[in-house]
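This is a predicted model, so every value here is computed, not measured.
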Amino acid sequence: MNQHASIRIGHSACPHDCPSTCALNVELLDNNRIGRIHGAKDNSYTAGVICAKVARYADRIHHPDRLMKPLVRAGAKGEGKWKEASWEAALDLVAEKFIAAEEKYGAETVWPYFYAGTMGLVQRDGIERLRHAKKYSGFFGSICTNLAWTGYVMGTGALRGSDPREILKSDCVVIWGTNAVVTQVNVMTHAVKARKERGAKIVVIDIYENATMKQADMGLVLKPGTDGAFACAVMHVLFRDGLADRDYLEKYTDDPKGLEAHLATKTPEWAAAITGLSVEEIETFARLVGTTKKTFFRLGYGFSRQRNGSVNMHAALSIPAVTGAWQYEGGGAFHSNSGIYKLNAELLEGTKFRDPKVRYLDHSRIGPVLTGAEDALYGGPPVTAMLIQNTNPANVAPEQRLVVQGFMREDLFACVHEQFMTDTARLADVVLPATMFLEHDDIYKGGGNQHITLGPKLIDPPEGPRTNHFVIEELAKRLGVAHLPGFGLTERQHIDHMLAKRGLGDFDGMKESRWVDLQPEFEDAHFLKGFGHPDGKFRFKPQWNGGIAPNKPPKSMGIFGPVNQLPEFPDHVELIEVADAEHPFRLATSPARNFLNSTFAETPVSREKEGRPELLIHPEDAAALGVATGDRVEVGNQRGEVVLHARLFDGLKRGVVIAEGIWSNYAHERGEGINVLTGSDAPAPYGGAAVHDNKVWVRAA
């Protein structure tokens, strides 16, 4: 008898914080167990390919260490002593603590805190409805996208670009600032097919020879934070050698003559000294993109990880405007399609209840917020109560020591709704068990593609876990706001409302079609009717101070960082942690292949494949330090120090070290993770988290 004869196939979307938002086919073994997960072959973007970690999702959803019952702290904070509670008792306690905190300090003392552990709109964003209804402190979600999105839209005026499937029609694919093999595998699906079918060249630009660069025809390894210098030298060559499309520039850009004059001194020799690239590498790349009109620039989130990332993104994005690549199918640039969906989430998020007088807090600065830094609290009370969903700040947020110190405060009550006992859950007062994506209904927008994809409930959860939506609804009842519009609806009703408002039918219709393709027409995607600014021009001269951006901080927060140092035209600006005598190395905390931020760090296959927390270091640097592969090394700066194991690796520049992956804090020797070393200062102009931008010292431990 065929043991797989009874396997059914269900359809969903990957919920994780990845631009691919893959359409999935899920093997359903029975009503509460899954087998393998596969990419949907008939989805034009996913094209049947998903990453290995999601393919083996059964390891995660059926993990023996999954949280199953509500837990209430029974010992000192962080001690790990818990007592089981009923859902009723646990939620009653949370509501009681929130009410007591509000009575003492006012509603702003409560800070609901969330992020992208699920990208499902209902289960991720419903927490906002409770926030606005109760007038709790606002949440400026800055950690992931801000520097990249800001730099991109300062140029284009809109968050969209060439259809990412057009890579198949490109003659040259430039993958810049993203290790796509590790973080968005479908980019490689299309790029490799273009090479096979069209002879397209693949160029990868990054700060080390990662898995993506190993598949490239041309790999360019530059020093962290120097992309802007490289882009300027490339454009210098394009103008110098008559490879700039002057007709296109005149019609579609704001000040091509000013740009050309500005770039006169930005020679390959100038950029080589800054980037660590050779003059020949810069010249060769410039000639390639200048003579290959159908060049597709796939620009990634690496730009969001350096303090000068907005400037660097804008500079890289300026190259296809100089070459006129936007005019051609298979040409132009793409970063994210997040601006095309326009779903109305007013009811889901309760935006009508939002009070503009309520302060916002920057979620990247949770360390300073929880330790009472005056500039982080914006004149309001201390945060003394939190509900945390879909994120693990004690592990993933910058300045980890401050974050942990804040959670250890006796006057802070924290409820964490989670799937596993994460570093953050360990520091909580109440831990609630959460469902996983195949156990609830939700809907997803693709950042890296053009699909809205449905993720209906496919299996029953175990007895204990409950959905994020359930927790928000139950707390609303206990906190006296359940009568307000938006509460009392099911997940499906919220999905129906968003789809209907957009003219996309309803849940049942989407269940039949599985996804909807919202890719704009060619002329809109390529800005051939004009860019998104009022004058229709691409801006070489961005309005850094107050200009448009997709995730601009509210006026009450103002502009962040040294905005006056951002350049008039594309340039290199050293708003980065420049190495110095005390900190001679630059550290980046790049993504690991088998983890996704802190997710999958709990599954045995992912852990086994990653090995242990390591530091990639150039052999010549290691020799100077007297360090060999496998040796324990201490890495530190003004924020603290951690111990890793050295791995000698010559695929990076001297003076650069890489720690891949966000291992759990307790996977490290001293119980502290890599984000001890990263800074939480808000970069110009609109904030973010520059977690790859750190000056450090390294020594044998």
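- Taking the six-membered ring for Trp and thresholds of 30 and 60 degrees, His16 and Phe600 have ring planes inclined between 30 and 60 degrees apart.
- Here the two rings, on Phe303 and His335, have centers that are 6.0 Å apart or farther.
- Ion pair Lys53/Glu610 not flagged as a salt bridge, since none of the NZ, NE, NH1 or NH2 atoms sits closer than 4.0 Å to an Asp/Glu carboxylate oxygen.
- Checked against the 6.0 Å centroid threshold, Tyr57 and Phe437 count as a close aromatic pair.
- In this structure a side-chain-to-backbone donor-acceptor pair under 3.5 Å is missing from Arg305 to Asp693.
- Using a cutoff of 4.0 Å between basic side-chain nitrogens and carboxylate oxygens, Glu641 and Arg401 are scored as salt-bridged.
- Without hydrogens or angle criteria, Glu614 side chain to Arg647 main chain gives no donor-acceptor distance under 3.5 Å.
- Taking the six-membered ring for Trp and the full ring otherwise, the centers of His572 and Phe230 sit at least 6.0 Å from each other.
- For the atom pair NZ of Lys77 and CG of Leu427, the computed distance is 8.0 Å after rounding to the nearest 0.5 Å.
- Between the side chain of Asn395 and the backbone N or O of Trp663 there is at least one donor-acceptor pair closer than 3.5 Å.
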Derivation of the side chain to side chain donor-acceptor pair (under 3.5 Å) call for Arg56 and Ser606: CA-CA 10 Å; Arg56 54 177 185 262; Ser606 287; 3.2 Å; yes

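- The residues Glu577 and Arg586 are annotated as not salt-bridged, no charged nitrogen and carboxylate oxygen being separated by less than 4.0 angstrom.
- Side chains of Glu660 and Tyr208: a donor-acceptor N/O pair is present below 3.5 angstrom, by distance only.
- Considering OG1 of Thr212 and CG of Asn179, their distance stands at 3.5 Å, rounded to 0.5 Å.
- Panel note: side chain Ser278, backbone Glu281; a donor-acceptor pair is recorded below 3.5 Å.
- No donor-acceptor distance shorter than 3.5 angstrom exists from the side chain of Arg670 to the backbone of Val642, with no hydrogens or angles considered.
- Checked options Val656, Val657, Val698; the residue passing with Leu587 is Val657 (criterion: side chain to side chain contact (heavy atoms under 4.5 Å, CB included)).
- Residues Phe139 and Tyr113 bring their aromatic ring centres within 6.0 Å.
- With Asn665 as the partner, the side-chain hydrogen bond (donor to acceptor under 3.5 Å, both in side chains) test is satisfied by one option alone out of Glu672, Gln400, Arg426: Gln400.
- Using the six-membered ring where Trp is involved, Tyr136 and Phe98 have ring planes that are perpendicular, over 60° apart on the 30 and 60° scheme.
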Test side chain to side chain donor-acceptor pair (under 3.5 Å) on Asn390 and Asn468; report intermediate values, then the result. CA-CA 9 Å; Asn390 311 325; Asn468 290 358; 2.8 Å; yes

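- Annotation for Asn308 and Gly225: closest pair ND2-O, 2.9 Å, computed over non-hydrogen atoms.
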Should Thr603 and Asp59 be marked as a side chain to side chain donor-acceptor pair (under 3.5 Å) after you check the CA-CA gap, both sets of side-chain angles, and the distance that decides it? CA-CA 6 Å; Thr603 55; Asp59 292 353; 5.8 Å; no

